[in-house]
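Just so you know, residue 1 is the first one in the sequence shown, and it goes up from there.
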Amino acid sequence: MFLWGTATAAYQIEGAVAADGRGVSIWDTFSHEPGRTRDGHTGDLACDHYHRWREDVALMSGLGVNAYRFSIAWPRVQPLGTGTANPKGLDFYERLVDALLEAGIQPVPTLFHWDLPQALQDRGGWMNREISEIFADYAAIVASRLADRIPLWITLNEPFVHMAYGYAMGIHAPGQALLTGALPAGHHQLLAHGMAVRALRAAGARQVAITNNCTPVWPASQQEPDLSAAHAYDVLHNRLFNDPVLLGKYPDLSAYTPTLDFVHDGDLDVIAAPLDFLGVNYYNPTRIAAPTSEGLPFTDAGITGYPTTAFGWPVVPDGLRELLTGLETRYGAALPPVLITENGCSTDDTATLDDGPRIAFLEGHIAAMRQAMAEGVDVRGYFVWSLLDNFEWAEGYHQRFGLVHVDFETQRRTPKASYAWLRSFLEAQKTDT
Ligand code: BGC
Ligand code: BGC
């Protein structure tokens, strides 16, 4: 069965940050620091999904999806990131999972979507190698409660974006700006992934995946300096996270670091544990030129000549076909079946419910995915980001990615035109097969 779903993440929708013993996450800390998010927005209330999840499951059921990708908030399960589980945290996800199953929707949990318990950040966060093993313990705790009902598990969401935005540039929590010094935070996430794969399987999970953010990289010209800059960027964004997982080795990182001393013997064997799926999040291609200053070996040259989302991101549906066929060419037999675990676009906060651009976006990207499938890529699912307008990280509530509009004053949910479009689309899939 092809999975058609919607995707969300805990900190972006749940709210209820102090309910039932939840601990503090790095996003609570970060969003409360002055100047970190647009207009000082925080996820304190978000979509109040923690209390309104029944309504949200009903919205998905009305939409006709057969899968739902959500994330589990580590600080709800282990408030300090280690030690005995907080039963109330697990109870919340168990109720959600049971309601989804009842509605015929396959739950697809992600164990880490950036909301690290603050207590673990106080020990260095992902810069500290010990966090990898601690993550595997958390994975085991969650799976031992839920793996009897959940076949498919995702370990991490976008370790690239978490490393780059959180540790290299300081735009996201934990707000560190270590530049290339952030590479260990990438490696330790990958190690955590590998250790969690083992822990999940031992606890009865049948299928395991990781979700990577991938982007086709376009050189700004065919001149040598631009071509090598584009190669360097592709290494950092895509290959740094796909190669170890799928091939058991790192690409050549000499443009970024003189030493890989944070990689220990045996780590790559752990990281390359066989996977059932590769989760791919796609938003846009990236156009790269030679560096204009000292520092990183590339510059983002920007893409013009395409429509843009409210975020200003270029809308390039064919980039998804290019990305998928590129993965197939690069990894061949080492590429497991792919799930598109996120794809979608924002409309700005003054937009109406009449979100024509989102319909065009989804139509175009689904067609591009199908083109890649016709060209031989084994894609098994597609998840729209996102079900609800939600807390868009550093952008606060200003970028609305939902199929369903949320009035953040009243928490009223109103399906947009794209919701109705997707419902008819999914209905037609049923009669086609
Ligand atoms: C990426 C998104 C990411 C965002 C961070 C984009 O370029 O494609 O996946 O969340 O940057 O704001
Ligand atoms: C992230 C989401 C985010 C989306 C849009 C992805 O990088 O996984 O959490 O909301 O992009 O920026």
Side-chain angles (χ1 to χ4, degrees), residues 1-10 12-14 46-71 93 95-110 113 150 152 154 211 279 281-282 309 339-347 351-367 369-370 379-392 399-408 411-433:
M1 182 183 64
F2 193 88
L3 299 180
W4 290 105
T6 57
T8 63
Q12 295 180 272
I13 64 166
E14 286 179 358
C47 307
D48 196 27
H49 169 80
Y50 192 75
H51 297 114
R52 293 168 196 264
W53 57 274
R54 284 185 192 80
E55 189 182 348
D56 297 336
V57 172
L59 282 164
M60 283 186 268
S61 166
L63 183 57
V65 290
N66 60 22
Y68 174 44
R69 174 174 179 247
F70 59 99
S71 83
Y93 295 107
R95 286 193 295 271
L96 174 66
V97 162
D98 288 345
L100 289 165
L101 292 170
E102 181 98 352
I105 300 170
Q106 180 180 328
V108 182
T110 299
H113 200 128
I150 301 182
L152 167 60
I154 298 174
T211 281
N281 291 355
Y282 170 70
T309 71
L339 296 170
I340 310 299
T341 40
E342 282 180 35
N343 179 235
C345 66
S346 62
T347 46
T352 61
L353 299 176
D354 191 9
D355 57 344
R358 177 167 291 106
I359 297 175
F361 185 101
L362 297 175
E363 245 176 341
H365 286 78
I366 291 170
M369 170 183 77
R370 287 186 159 160
V379 183
R380 306 283 182 92
Y382 177 90
F383 294 75
V384 177
W385 184 271
S386 184
L387 174 65
L388 304 168
D389 291 340
N390 61 46
F391 176 75
E392 176 52 30
Q399 299 294 336
R400 293 180 172 269
F401 276 89
L403 296 162
V404 174
H405 178 273
V406 177
D407 177 333
F408 294 106
Q411 291 297 339
R412 204 165 102 97
R413 277 101 161 112
T414 314
K416 304 180 190 176
S418 58
Y419 176 100
W421 174 82
L422 187 59
R423 184 178 50 205
S424 322
F425 172 86
L426 295 173
E427 194 56 43
Q429 305 312 300
K430 283 184 208 147
T431 48
D432 282 359
T433 48

Open item on the list: I want to check something: taking the side chain as every heavy atom from C-beta on, are Glu363 and Trp421 in contact at a cut-off of under 4.5 Å?
Closed with: yes

TODO: Answer yes or no: is there a donor N or O on one side and an acceptor on the other, between the side chain of Asp355 and the main chain of Ser418, under 3.5 Å?
DONE: yes

TODO: Quick one: pull up CZ in Arg52 and CG in Leu59 and give me the separation to the nearest 0.5 Å.
DONE: 12.0 Å

Task: Side-chain donor/acceptor of Thr6 to backbone N/O of Ser386, under 3.5 Å - done: no

Task: Phe70 to Val97 - nearest heavy-atom pair and separation - done: CZ-CG2, 4.0 Å

Task: Closest contact, heavy atoms only, Ala46 versus Gln12 - done: CB-O, 3.6 Å

- [ ] Tell me, with the steps shown, if Val406 and Asn390 meet side chain to side chain contact (heavy atoms under 4.5 Å, CB included).
- [x] CA-CA 8 Å; Val406 177; Asn390 61 46; over 6 Å; no

Task: Pairwise distance OG1(Thr8) to CD(Glu342) - rounded to 0.5 angstrom - done: 9.5 Å

Task: Side-chain donor/acceptor of Ser71 to backbone N/O of Ala10, under 3.5 Å - done: yes

Open item on the list: Minimum heavy-atom separation for Cys345 and Phe361, please, with both atom names.
Closed with: CB-CD1, 3.6 Å

TODO: Begin from the C-alpha positions of Leu387 and Ile13 and carry the test side chain to side chain contact (heavy atoms under 4.5 Å, CB included) through to its verdict.
DONE: CA-CA 10 Å; Leu387 174 65; Ile13 64 166; over 6 Å; no

Open item on the list: I'd like to check Thr309 versus Gln399 (side-chain heavy atoms, cut-off strictly below 4.5 Å). Are they in contact?
Closed with: no

- [ ] State, to 0.1 Å, how close Gly381 and Leu339 come at their nearest heavy-atom pair, and which atoms those are.
- [x] N-CD2, 3.6 Å

Open item on the list: Under the side-chain contact (heavy atoms from CB on, under 4.5 Å) test against Tyr382, which residue among Thr341, Ile366, Val65, Leu3 passes?
Closed with: Ile366

- [ ] Search all heavy atoms of Ala67 against all heavy atoms of Val108 and return the closest pair with its distance.
- [x] CB-CG2, 4.4 Å

- [ ] Can you measure from CD1 (Ile359) to CG (Asp354) and round to the nearest 0.5 angstrom?
- [x] 7.5 Å

- [ ] Please round to the nearest 0.5 Å and tell me the distance separating atom CG of Asn66 and atom CG of Leu426.
- [x] 8.0 Å

TODO: Apply salt bridge (charged side-chain N to carboxylate O under 4.0 Å, His left out) to Asp407 and Arg412, showing your working.
DONE: CA-CA 5 Å; Asp407 177 333; Arg412 204 165 102 97; 6.0 Å; no

Task: Value rounded to 0.5 Å, distance of NZ in Lys416 from CG in Leu403 - done: 7.5 Å

Open item on the list: I want to know whether Trp385 and Phe383 have ring centres closer than 6.0 Å.
Closed with: no

Task: Spacing of CG belonging to Leu63 relative to CZ belonging to Phe425, to within rounding of 0.5 Å - done: 11.5 Å

- [ ] Step through it carefully: locate the ring centre of His365, locate the ring centre of Tyr282, and say whether they are under 6.0 Å apart.
- [x] yes

Open item on the list: Before you tell me yes or no, could you show the steps for Trp53 and Arg95 under side chain to side chain contact (heavy atoms under 4.5 Å, CB included), namely the whole-Å CA-CA distance, both residues' side-chain angles and the distance that decides it to 0.1 Å?
Closed with: CA-CA 9 Å; Trp53 57 274; Arg95 286 193 295 271; 3.9 Å; yes

Open item on the list: Quick check: closest heavy atoms across Trp4 and Arg370, and the distance to 0.1 Å?
Closed with: CZ2-NH2, 3.7 Å

Task: Polar contact flag, side-chain donor to acceptor under 3.5 angstrom, Thr211-Asn281 - done: no

Task: salt bridge (Lys or Arg N to Asp or Glu O under 4.0 Å) partner of Asp389, the single match among Arg413, Arg358, Arg400 - done: Arg400

